[in-house]
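Written out below as structure tokens is the structure these notes cover.
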Amino acid sequence: MSVNNLNPNHVAIIMDGNGRWATEKGLDRSEGHIKGYENIKPIVIAAKKLGIKYLTIYAFSTENWNRSKNEIEFILNLAASVIDQESEELNDNKVNITHLGSKENLPKEILSKIQRSEELTKQNTDFFLSVAFNYGSRNQIVKSINKIIQSEDEKINEKKLSDYLSSNKFPDPDLIIRTGGQKRLSNFLLWESAYSELFFLDVFWPDFSEKDLERVVIDFSKRKRNFGS
Ligand code: FPP
């Protein structure tokens with residue numbers, strides 16, 4: 001199979017570079033996270049305008065727990081303080097929100113806000129936003145395998161493993177973007193990215209713009225996807 005795609009259906013973004021964006025400006029890393037957070041909505045709106053149907057954003061990885069206590073607390077507090085209002089606004093824009101990742105170790109307050117957000121937006125079908133928060137791909141794959149074993153299904157195969165992943169509501173990402181200059185996946189969608197097109201940009205996440213997204217989508221449309229054949 002060889003496909004020339006006009007538009008990606010599912011885009012996933014590793015939003016990297018908040019800390020360096022701030023440090024370069026002589027600011028505290030937390031300022032970078034605020035700017036990074038503020039950049040999410042414009043990119044969601046831009047993605048929707050570009051005809052993308054599914055967007056997954058990597059907001060907090062299971063490895064991010066190794067950061068300083070202050071930084072972790074800052075990110076968790078930021079998330080807790082914005083979920084309600086953002087969910088209302090995204091709901092007005094007919095966006096369906098889901099949490100991707102583990103519930104373990106997340107404060108109760110955040111978990112109940114996530115639950116409310118998913119409940120509020122579950123009827124929306126215009127656009128699907130998945131927020132990977134406390135997410136680690138290996139952790140998700142192991143969980144999926146354990147669920148299959150517990151279900152006493154006779155055999156593990158690719159479809160079953162996919163079906164038991166919490167990303168199962170989304171198709172596999174057509175394209176994964178990483179901002180911030182590093183060229184790696186960092187435990188993000190390892191199973192789902194088997195045939196994703198990868199784009200690595202030097203721009204730090206707070207500076208990633210609608211134009212950047214548009215350029216990547218145009219580049220993507222020129223790539224020929226062979227899916228191994
Ligand atoms: C990567 O930049 C970013 C993160 C680890 C956190 C991402 C958080 C946000 C975009 C804001 C909070 C999100 C929500 C949903 C409230 P980095 O800190 O790794 O940057 P660096 O590589 O330059 O250090």
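One-based numbering, in listed order, for ligands and for the atoms of each. Just so it is clear, the values below take in all heavy atoms, side chains as well, and ignore hydrogens, waters and symmetry mates.
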Identity and distance of the protein heavy atom lying nearest [atom]:
atom: atom 9 (C) of ligand 1; value: Asn18 ND2, 3.6 Å
atom: atom 11 (C) of ligand 1; value: His33 O, 3.5 Å
atom: atom 12 (C) of ligand 1; value: Leu78 CD2, 3.8 Å
atom: atom 20 (O) of ligand 1; value: Gly19 N, 3.0 Å

>> Closer than 4.0 Å to some heavy atom of Ala79 - which atoms of ligand 1 meet that?
In response: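 So the answer, numbered in order with elements, is 16 (C).
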>> Within the structure, is a non-hydrogen atom of Gly17 found at a distance of less than 4.0 Å from ligand 1?
In response: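 Per 4.0 Å heavy-atom rule, Gly17 contacts ligand 1.
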Check: [X] side chain, [Y] main-chain N or O, donor-acceptor pair, under 3.5 Å:
X: Asn7; Y: Leu50; answer: yes
X: Trp205; Y: Gly36; answer: yes
X: Ser209; Y: Asp212; answer: yes
X: Ser144; Y: Gln140; answer: no

> Do the ring planes of Phe227 and Tyr195 sit parallel (below 30°), tilted (30 to 60°) or perpendicular (above 60°)?
Replying inline: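 Aromatic pair Phe227/Tyr195 classed tilted.
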>> Heavy atom to atom 8 (C) of ligand 1, shortest distance: which of Pro206, Ala59, Gly36 holds it?
In response: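 Nearest heavy atom to atom 8 (C) of ligand 1 lies in Ala59.
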> Quick one: which of Arg20, Met15, Arg67 has a heavy atom closest to atom 19 (O) of ligand 1?
Replying inline: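 Residue with the shortest heavy-atom distance to the ligand atom: Arg67.
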>> Under 6.0 Å from the ring centre and within 45 degrees of the ring axis: does the NZ or CZ of Arg178 meet both conditions for the six-membered ring of Tyr58?
In response: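 No, Arg178 does not sit over the ring of Tyr58.
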> Taking atom types as modelled and ignoring hydrogens, do the side chains of Glu71 and His33 form a donor-acceptor contact shorter than 3.5 angstrom?
Replying inline: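 Short answer, yes.
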> Should the proximity of Gln182 to ligand 1, defined as any heavy atom under 4.0 Å, be assigned to the side chain, the backbone, both, or neither?
Replying inline: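 Neither part.
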>> Once you restrict to heavy atoms under 4.0 Å, what part of Asn64 touches ligand 1? Side chain, backbone, both or neither.
In response: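 Contact part for Asn64 vs ligand 1: side chain (C-beta onward).
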>> Is there a polar contact between ligand 1 and Asp16, counting only N or O atoms under 3.5 Å apart?
In response: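 Yes, at least one N or O pair falls under 3.5 Å.
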>> Using the side chain to side chain contact (heavy atoms under 4.5 Å, CB included) definition, which of the options His10, Lys53, Lys169 pairs with Phe128?
In response: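 Result: among His10, Lys53, Lys169, Lys53 is the only option passing the side chain to side chain contact (heavy atoms under 4.5 Å, CB included) with Phe128.
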